[in-house]
Amino acid sequence: MAQKNFFLRRNRRRSGAVGSGVWNQHPADLSWISKVQVNHPAVLRRAQQVQARRTVKKEWQAAWLLKAVTFIDLTTLSGDDTSSNVQRLCYKAKYPIREDLLKALNMHDKDITTAAVCVYPARVCDAVRALKAAGCNIPVASVATGFPAGQTHLKTRLEEIRLAVEDGASEIDVVINRSLVLTGQWEALYDEIRQFRKACGEAHLKTILATGELGSLTNVYKASMIAMMAGSDFIKTSTGKETVNATFPVAIVMLRAIRDFFWKTGNKIGFKPAGGIRSAKDALAWLSLIKEELGDEWLKPELFRIGASTLLSDIERQIYHHVTGRYAAYHDLPMS
């Protein structure tokens, strides 16, 4: 069923396009952004449709859950992180599902790993060493730029990116200065993210919008567009530290922004929900949403990630139940 485009822009030139014509202007000319609006009730109706949909079952569920594993940025962002628990995280990233369970599903030779591991900048070296010792090339992602609040001097935030890249991070999850969104300083936000992009060098830039602190869905759409225009490889919902993190209404707005950006430029930008995604059922709902909004092309680690620390444990428990017919005791999955 065709979906209505619920984004409105004053004086738009043709139906279904947000910011028509703006891509022929200089990127720094962002006056058009103030004219963008989001139809809030339409977004909520679409989100309710997603939440009401029944999930897949049996072997189809197992297949989708294994696919979900390959999208996870397995994360530890705690104040008590040490080299030993980062090493444990990296081992789990390489071996996310018990081998006997994979053999029962005839998937033991498919090299199923998580998409990346995500740590604080000070733990990047630990993660790089652990993954190298494990003989795998799983990327190391580092948060940066004063995560999670982003309330440090810009010079310090840029240096944090450079140091993480020097230590071996190939993906950088940056946080934006939310005050720039809340006060409508779109050119300043664009310039800030451009500097993040430059500091990343060859590393992939994932821009965290912290949507729970942006005030409105319209601001979420605007910030998404600015982040993509400024060179982000991914846009990410949340730090996981906000009161409200990844929600379906926010995701729908961001995904439609990604789709609009692709229609205008031909560039595919990745999407990463993070925060509060804890159950296998949650993961299946997110995969379904991506498939419906952006298509199968986005269902690959290069364009879709899930930021999570506990999700993998529940997925492995569900796989265990599918294979054995019973739920796992704690000692059955000691690495979860």
Side-chain angles (χ1 to χ4, degrees), residues 3 43-76 89 92-93 95-98 101-102 104-105 107 110 112-116 118 211-212 236-255 270-296 298-301 303-330 332-336:
Q3 297 169 355
V43 176
L44 297 184
R45 285 196 298 271
R46 173 70 178 122
Q48 288 171 354
Q49 292 174 354
V50 174
Q51 291 169 301
R53 188 165 289 115
R54 296 180 65 183
T55 187
V56 293
K57 300 293 184 182
K58 298 183 178 180
E59 62 265 29
W60 294 279
Q61 183 182 85
W64 274 87
L65 289 177
L66 289 178
K67 191 173 186 68
V69 169
T70 68
F71 299 136
I72 294 175
D73 280 2
L74 194 58
T75 302
T76 181
L89 183 85
K92 189 62 178 174
Y95 304 106
I97 306 294
R98 246 174 48 178
L101 301 178
L102 292 176
L105 297 170
M107 296 293 289
K110 302 302 182 182
I112 294 175
T113 70
T114 66
C118 184
T211 55
K236 178 178 171 181
T237 60
S238 323
T239 66
K241 309 292 186 182
E242 295 92 54
T243 304
V244 178
N245 293 290
T247 66
F248 288 127
V250 159
I252 290 165
V253 171
M254 294 176 69
L255 292 172
F271 175 67
K272 179 179 174 180
I277 304 174
R278 299 185 177 91
S279 71
K281 183 178 179 181
D282 291 339
L284 293 173
W286 282 100
L287 265 66
S288 177
L289 179 63
I290 298 300
K291 182 179 177 67
E292 291 180 11
E293 290 290 330
L294 296 177
D296 291 336
W298 261 264
L299 281 174
K300 54 185 179 181
L303 290 171
F304 178 55
R305 301 288 182 86
I306 301 174
S309 55
T310 60
L311 170 62
L312 181 57
S313 299
D314 192 58
I315 288 178
E316 190 172 24
R317 278 192 286 269
Q318 296 302 321
I319 294 293
Y320 183 95
H321 180 265
H322 175 75
V323 170
T324 67
R326 62 184 178 86
Y327 285 105
Y330 179 78
D332 290 320
L333 302 172
M335 285 297 292
S336 293

Heavy-atom donor-acceptor pair, [X] side chain to [Y] backbone, under 3.5 Å:
X	Y	value
Arg98	Tyr320	no
Asn245	Gly240	yes
Asp314	Leu311	no
Lys291	Gly295	no

Atom [atom1] of [X] and atom [atom2] of [Y]: how far apart are they, to the nearest 0.5 Å?
X	Y	atom1	atom2	answer
Thr113	Tyr95	OG1	OH	11.0 Å
Ile97	Leu333	CD1	CG	8.5 Å
Ile277	Lys272	CD1	NZ	10.0 Å
Thr310	Leu74	OG1	CG	10.0 Å
Leu312	Leu65	CG	CG	10.5 Å
Glu292	Leu294	CD	CG	11.0 Å

So [Y] and [X], do their side chains get closer than 4.5 Å, heavy atoms only?
X	Y	value
Asp332	Glu316	no
Ile112	Pro96	yes
Thr247	Thr211	no
Ile315	Ile72	yes
His322	Leu105	yes
Leu89	Lys92	no

Could you tell me which non-hydrogen atom of [X] sits nearest to which non-hydrogen atom of [Y], and how far apart they are?
X	Y	value
Gln318	Ala280	CG-CB, 3.6 Å
Pro273	Arg305	CD-O, 2.9 Å
Pro249	Leu44	CG-CD2, 3.9 Å
Thr237	Ala246	OG1-CB, 3.6 Å
Leu287	Leu299	O-CD2, 4.0 Å
Leu289	Arg46	CD1-NH2, 4.3 Å

Report task. Could you tell me which residues satisfy side chain to side chain contact (heavy atoms under 4.5 Å, CB included) with Lys281, sequence neighbours excluded, listed by chain and number? Result ->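 Checked Lys281 against side chain to side chain contact (heavy atoms under 4.5 Å, CB included); matches are Ser279.
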Query raised in the report: Gln61 and side-chain contact (heavy atoms from CB on, under 4.5 Å): which partner among Leu66, Ile319, Leu284?
Result: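 The side-chain contact (heavy atoms from CB on, under 4.5 Å) with Gln61 is passed solely by Leu284 among Leu66, Ile319, Leu284.
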Query raised in the report: In terms of the angle between their ring planes, are Trp286 and Phe248 parallel, tilted or perpendicular, with boundaries placed at 30° and 60°?
Result: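 It falls in the tilted class, 30° to 60°.
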Requested in this report: Answer yes or no: is there an ion pair linking Asp73 with Lys236, defined by an N-O contact shorter than 4.0 Å?
Outcome: no
